Structure formats: C-alpha cells, structure tokens
Protein chains: 4
Amino acid sequence: MTRSEAPRRKRANGVESRQRILDATVEIAGERGYDGTSIAAVSAKCGLPASSIYWHFKDKDDLIAAVIERSFETWLTAVELPDETEGTSLDRVTVMAANIARSLLDAPDFLRLGLMLALERRPTEPRGRTVFLQVRDISRQRIADTVRTLYPELDEAAVRTLTTYAVAGADGLFIQREISGDDVDLVAVFQLHAQLIHDAANRMAARSEA
Amino acid sequence: MTRSEAPRRKRANGVESRQRILDATVEIAGERGYDGTSIAAVSAKCGLPASSIYWHFKDKDDLIAAVIERSFETWLTAVELPDETEGTSLDRVTVMAANIARSLLDAPDFLRLGLMLALERRPTEPRGRTVFLQVRDISRQRIADTVRTLYPELDEAAVRTLTTYAVAGADGLFIQREISGDDVDLVAVFQLHAQLIHDAANRMAARSEA
Amino acid sequence: MTRSEAPRRKRANGVESRQRILDATVEIAGERGYDGTSIAAVSAKCGLPASSIYWHFKDKDDLIAAVIERSFETWLTAVELPDETEGTSLDRVTVMAANIARSLLDAPDFLRLGLMLALERRPTEPRGRTVFLQVRDISRQRIADTVRTLYPELDEAAVRTLTTYAVAGADGLFIQREISGDDVDLVAVFQLHAQLIHDAANRMAARSEA
Amino acid sequence: MTRSEAPRRKRANGVESRQRILDATVEIAGERGYDGTSIAAVSAKCGLPASSIYWHFKDKDDLIAAVIERSFETWLTAVELPDETEGTSLDRVTVMAANIARSLLDAPDFLRLGLMLALERRPTEPRGRTVFLQVRDISRQRIADTVRTLYPELDEAAVRTLTTYAVAGADGLFIQREISGDDVDLVAVFQLHAQLIHDAANRMAARSEA
DNA sequence: AATGAATGAGGATTCATTCAT
DNA sequence: AATGAATGAATCCTCATTCAT
C-alpha cells in the first residue's frame, strides 16, 4: 500500500524482480494455499504488475513450484545437521530434533504451504505438490540415513517404520504449533519426540537380536 | 425446448436435498480445500442449481461449516471408544489407537479438509475453521480424559503433553497415509504410536513419583 | 453507448436475452471474425453483462457455433427455393440463382463469418467452423439435387463437378460483392453464373450421350 | 545461470532475421487471420524475441502488410503468365487457368490470409487489407488485359463482367479446395472455369456484334 | 422448497508495445 | 542489430451471491 518507495524504477533487474515475486508468493501462499493465492495479490505485494510475473514464471503453477523449490533449499541450509557430533545416540537424536524444530519455527511458510498442497487431491495435481513431495522425500531419506547410522542393529523394515514415525511426529507437532501458537514449546516437544523414537529404536534393536 | 421433458421431478424434499448438497461438498472440499470449492462445482456434483444451495445455506462459509459439523458427528459415532474395556492400560491404549486409525480410514475427507483449514492463516477466518478447531478440541479432551483414567499418577502438565503428542502423532500419521496411500499400514503404525505413548506415560509417572 | 433504454430491467427473460446476445454476436462476428469477436464487445452491444452471456452459452466457441446455426436456419427459410416452378431448365436455374443472390444480400453476416471460419486452419478447430461446414454441405446437397432434377442425363461425376462449380462461383461472387460493394450487381452476376452452369450442363449431357 | 552458455550467436544479420520473421508470420497469419496472429506466437515460431520483431517492423499492422507484399511478389513470379503462347484463345485461356491454379496450390497462405482480411469489416481497416486489395487489383487488371487481348470484340462492360467472373471463380474454387483438400482437383476445375469463360466471351462477342 | 436468470467483482493469462542496454 | 524486462489494457471466463417467480 505504500507507494512512495517506488519512484519510477527503470533499471530492469530480472534477478531481483524474481526474488521479489518469490518473496511475496511464499508469504501469501504460505497463508492461503494454492487457490487462495491470487496473482493480483502477489502483484500487489511485490509491486510488479501481474503481467511481469508472467515474464518470470510460466503460470501460477510454475510460480508455486518455484516457491517450494527455493524454500526447501533455504530450509535445508538452515537445518544444519551436525552429523559429526560426539555423544550418545540419544544426545545426537535430541540435538537433531531441536535443530529441526528451530528451523521449522523460522520457515513455517514453507511447510505450511507444502502440507496444504500435500493434503489436496485434485484431479490434475499442481506441480508444486509434486515438488514438495519430492523434496520431502529427500529429507526423509536423510532421516533414514541418520537412523541407520545411530542404530546400526536395526533392519530395513524397522528403519522405515521409525523414519515414518519420526516424520509424522514432526508434521503433527508442527501443525499443533500452527494451531495453538506459543502454547506449544516446539523445541521441547520435539525433544520428547526424539526421546520416544530413541526408546523405540532400542526396543526394536533388542527384539531383533533375540 | 418443450417443457414436458422434465422427468417428473420427485416431490421436493428439503432434507434429502440438504444431504445431497452436503455429500457433494465434503467430497469436493475434502479434495480441494476452501478456496478450491466453488458453489458451481458443488451444484454440478449434487445436481441442484446453485441458487438452491443458497436456499439451504446462508453462504459458502455456512456450507463449509455445516460440512465440518456433520462430518465430525459421523466420525465421532464411528470411533466408538470402548472405554469400559478390561485389560492392561497398554491393551486399552492399543485398542483405542486401532479404533481411531480405522475411523480415519473411513472418513478421510473430514480430517483432510479440517487440516487444510487449520493450516490456513487468512485475515478473516472461515467459520469452518473455527468449527473444526472446536470439534478437534472436543476430541482432544476425550483423549485427555482417557489418559487421565489410564495413568492416574500423571499430573496435569504431563497429561497435556501426552495428549498433544498423541494428537500430533495421529495427525502426522494420517498425513503420511494420505501421501503414501497403502504403503502405510495405518492401524499398525497407530499401534506403535500407542505403545510409545504408553512408555512415555509410564516414564513420566515414574519420574513424578520420584 | 446509449444507456437510457435500460432503466433497470428486472423481469428475467431467458429466451429474449439469448436472442439479444445472438443478434449482437452475428453482427460483430460477421464483421471481425472469431478472434476479433470479444465477449466484452458482445456484452456492450447487447446490454447484458459478460457473465450473463456465459449463462446462455458455455463459452465463446459455443456462442459462435450457435450463431452459425441460427443464421443458417434463417437463411435457409429466406432462400425459399421454388422447386415446383414450371419453365425451361434455364428459367428455373436463373430464378434459383436470383433467389440465392437476394438471400445472400440479406444475410451477408452469416456467409462472411462462415467463410472466415472456413478459411482458418487452427490446430484446434472452432466448433463454429465445423457447424458451418456441415450446414454448407446441406446446401450443397440441395443444389446437387436440383442439378440432378434439371439435367437428368448427367452422371454423378458431372453432377458433382457442376455443384462444386456452382457453389464456388457463389462464394466468389459473394466475396467480390463484399469487397466492391454496390459496384457489383449480385443478382445480375448470379444470373450469368446460372447461365454458364446451364451451358456446361448441356454440353456435359451431350458428351455423355455420345 | 552462467552466462557463457549462449551458443555463440551467429553474427547478427538483419536481412536474414527479417526473412525469418516474415516466414513465421505468413504461416501463422495464413492459418489464423489478423487477430489470431500474436506477436508472441510469431516470436516463438521464428526464435527471435518479440522486441526484435519491433526492430524490424513498426507494429503488427506493418508486419502483416509486409507479409502480404512479399507474398504477393513471390506469388506473381510463380504465376509466370506465358502471354506470348501461340494457339487458339481457348488454348491460351486454358493454359493460363492451369498456371494460376498451380500457383495457388503453392502459395495458399497468401490468398487465405488475404481473403480473410478482405472479408473483415472493421472500423479501422488494417493496412494489410488495403495492400491485399491493391495487389489483388493488379492481378485483376492483368486478367482484364488478357481478356481484352484474346477477345478484342468485347466492349469494356463485357470485359469487366468477365474479369469479375473469372476472379470470383478463382476465389471460390480456391476456397473449395481449402475446405475439401485433395477431393478437389484444382487444376481440372480451373480448366472448366476457363472453358466456361471462353464460351461466355464468345457469346457476348456474338451478341455485341449483332 | 426450488430455480432460471442475472450481475459485478475478480480470476488467470495474453496482448501489443516500449525502453534501457 | 538485438534483447531482457517491464507494463497497462484487454483477453476469456468463473466467482459468490441475489432476486423474482
């Protein structure tokens, strides 16, 4: 709504414009989902006319997909998994959980939008959804790797189950936090989650040895 | 062009029409979310003209809220929590988890739509979202009650944490199932969830006694 | 542009509205072709909002197709072919040519639009084009029938050739008239056309007898 | 993202670019008419960015007009009218008709576009239309000259009528061919056309002598 | 209880064109 | 000679909603 900041900008700068558009889009799409994100709203928020958005992105689908891609990259670098950490496996799982929790607090738009897309079931699936599921799978595999490293006695079925459970818990806790706001101490509750997973891993390992 | 072709419209029946509209709406809204649900689409799916939908419901907001309400009721009666079951607390938690898992498999539209609404963050919140959060809270309290009954030694903070964790896990596992389809054995994974909650409850009880 | 004629019309009247829309569309589409016909222009000319046009017609394609259909019907009834006429075959061909010429002078929008559509070669053909080619074929068959009746000695190949030539001449002369306006006496030149076709028919008949 | 990937753009060559643009435009405009031809489509087909098209042509109108001009020239040189041919006037008319028929088979885009333009009736006439009508008139005069040469007894009114009829037939037969494709033997049917014109000329000559 | 028709606002996207480089 | 980026107007069409019947 403030117009004063744009005193007839002329120097065309594609890269910056693209970023501005993406910035505006994460915000809006993270709040209102795919259908709730209108190009007009993005245009208003980023200051570029709607038609300019179409110079940078083929269509809305392409735009949302690009948002997911970029957000995932930023998020990934924000998670900074210190896999080399010394300590017991419980320590390491706990640190990891805290890291993930913190990263989610910083980039909630990404996951919120992603989950909304993931929940939808349209006949023609938005590309953004596909992309989200792909990058989500990348994260999932990282977690699986960590599980394998920390609990080498586990067989693949157990690893898969634990990973599923770990991811599901993360999603669920994130949602809880989105609903209840600061009532939920995300870091604390993620650490409980880590603890339980650790217990489960140990029990499974014991069982498989027997 | 001839008028006589009307196929002997069965005597208008308000109740049935209302149901047809609601049926159409759960399906569409469960697949595409709030913004993705157009009155025209609902009209097409239920066979009644758009204007008829407005005879039964004040506006789109009202319609979606009604859908949530009805779906919740159906779901509640489907869960059939056998609180009176004899057996160890682990047994009882496990049975309960299986019941919930099964009920979610039957009414996925309800939870899918609800979660989509819950994740959104619009300036003027749809009434459907409010309703969903309310009914969700009802479920939450039932779970809290069960936890209190099964693990009477727990203090209120612990009960709250466990309940949060239980609900979060349920949401997360549901999402996982929505994404991966039959790859996820929802009942099995819910039972693991129950197990871990049971362990956590016992550890917490032990700690609070100390 | 004159607004005064519409003092808040309320009495909904589907049939009349439909006609108004079609009337506006023939005119515009007859002048500017498919792409040149904007829904906004039609809306402006008929006084109904653009969205109302979509109540009556599925989309632009459907609208144009409907225009062709209706125009063809009006044109057909305007041609009034007096097949029963007594007289020499030349007389009868000449009368027929004059009739067609006159009907074309009255409904030039129809043929102009149709020919524009016929000339186009888009990857996905507008339904209006299909419809035009169909109704055109109906006319063609009527002409073929007349030729068969008037010159019974002709074999089918000859009938086909003559019909093709007759239709082609009609199209070409119509175009000439569209370009040159009143410089071309359409009735006169159509009668010349009839004459030449008559000669050709006789020559062909003579040849086939030999 | 690296700039070095540009594939060694061959030294800019204005003339060639201009040709490429014109080539793309005939094709598109010949298929879809004036309004149906978008600069973006031309740009996509010729590989040059839209802004480059505006370096070579003032605006869309100018581009279409240029296309008509160039196409007419190519067509003219393709017709190769052998006016000096010996033989009866019927022979010569027939040869000429065959030549024209063949030339139309080779450059259908030109005439298709031209006829579409000619049929349109917009308030502000595209320059391409004007140009087409002009070049068409040049052809018309050549035909009139030929008629005058071959049938010197005809008065000017007769020459004009015959020319009109000749051109109209050509247009109509071309259209027929565009619609029906290979069902129409354009050369054969043009020869019938020539024959009939020849007959008409003779009859007119006889009449004017009487 | 229901519906045909209408409507203004807004949806995504494309348009022809310009301008600085 | 060419182009990346931008832009306002216009495109087709859908939206939620209303209203007279």
Side-chain angles (χ1 to χ4, degrees), chain A residues 8-18 35-43 47-61 63, chain B residues 6 9-18 35 37-43 48-61 63, chain C residues 8-18 35-43 47-61 63, chain D residues 6 9-18 35 37-43 48-61 63:
Chain A
R8 298 220 154 252
R9 55 178 65 250
K10 280 279 132 186
R11 195 62 47 119
N13 182 341
V15 184
E16 197 215 303
S17 294
R18 214 188 125 96
D35 282 306
T37 301
S38 82
I39 299 292
V42 173
S43 156
L48 289 162
S51 48
S52 292
I53 298 178
Y54 284 88
W55 169 260
H56 294 278
F57 303 93
K58 195 183 142 303
D59 54 18
K60 186 171 156 175
D61 220 50
L63 172 59
Chain B
R9 268 238 149 275
K10 58 174 59 159
R11 193 154 272 303
N13 178 337
V15 184
E16 196 216 301
S17 293
R18 212 188 126 96
D35 283 306
T37 302
S38 80
I39 301 293
V42 173
S43 155
L48 293 164
S51 47
S52 294
I53 297 177
Y54 280 87
W55 195 92
H56 292 278
F57 302 93
K58 194 181 141 296
D59 55 16
K60 182 173 158 176
D61 223 48
L63 171 59
Chain C
R8 296 221 154 250
R9 55 178 65 248
K10 282 279 130 188
R11 197 59 51 115
N13 182 341
V15 184
E16 197 216 302
S17 294
R18 213 189 126 96
D35 283 307
T37 301
S38 81
I39 300 292
V42 173
S43 155
L48 289 162
S51 47
S52 293
I53 298 177
Y54 285 89
W55 169 260
H56 294 278
F57 303 93
K58 193 183 141 303
D59 55 17
K60 185 171 156 176
D61 220 50
L63 172 58
Chain D
R9 270 234 151 278
K10 58 173 64 158
R11 193 154 272 303
N13 178 338
V15 184
E16 196 217 301
S17 293
R18 211 187 129 96
D35 283 305
T37 301
S38 80
I39 300 293
V42 173
S43 154
L48 293 163
S51 47
S52 294
I53 297 177
Y54 281 85
W55 195 91
H56 292 279
F57 303 92
K58 195 180 141 298
D59 55 17
K60 181 172 158 176
D61 223 47
L63 171 59

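Quantities reported herein were computed from a predicted structural model and do not represent experimental measurements. So that the names make sense, note that chain A is the first sequence line, chain B the second, and so on, each numbered from 1.
Within the 4.0 Å cut-off from OP1 or OP2 of E:dC15, at least one side-chain nitrogen or oxygen of D:S38 is found. Contact annotation: A:S51 side-chain N/O to E:dT13 OP1/OP2 distance is not under 4.0 Å. The shortest distance between the side-chain N/O atoms of D:W55 and the OP1/OP2 oxygens of F:dA1 is not below 4.0 Å. Phosphate proximity of E:dA2 to B:H56: present, with a side-chain N or O under 4.0 Å from OP1 or OP2. For E:dA2, the OP1/OP2 oxygens have a side-chain nitrogen or oxygen of B:S17 closer than 4.0 Å. Taking 4.0 angstrom as the limit, D:S52 places a side-chain polar atom (N or O) nearer than this to OP1 or OP2 of F:dT3.
When heavy atoms are screened at a 4.0 angstrom cut-off, D:S43 is found touching no nucleic acid atom at all.
The side chain of B:K60 lies closest to F:dA16, out of E:dT3, E:dT7, F:dA16. Counting only heavy atoms from C-beta on, B:A40 has its side chain closest to F:dC15 among F:dT18, F:dC15, E:dC15.
In this entry F:dC15 has E:dG8 as its Watson-Crick or G-U wobble partner, both defining distances falling under 3.5 Å. Taking a pair to require two hydrogen-bonding distances under 3.5 Å in either a Watson-Crick or a G-U wobble arrangement, F:dT21 pairs with E:dA2.
Here the C1' atom of nucleotide E:dT3 and the CG atom of B:N13 are 17 Å apart, to the nearest Å.
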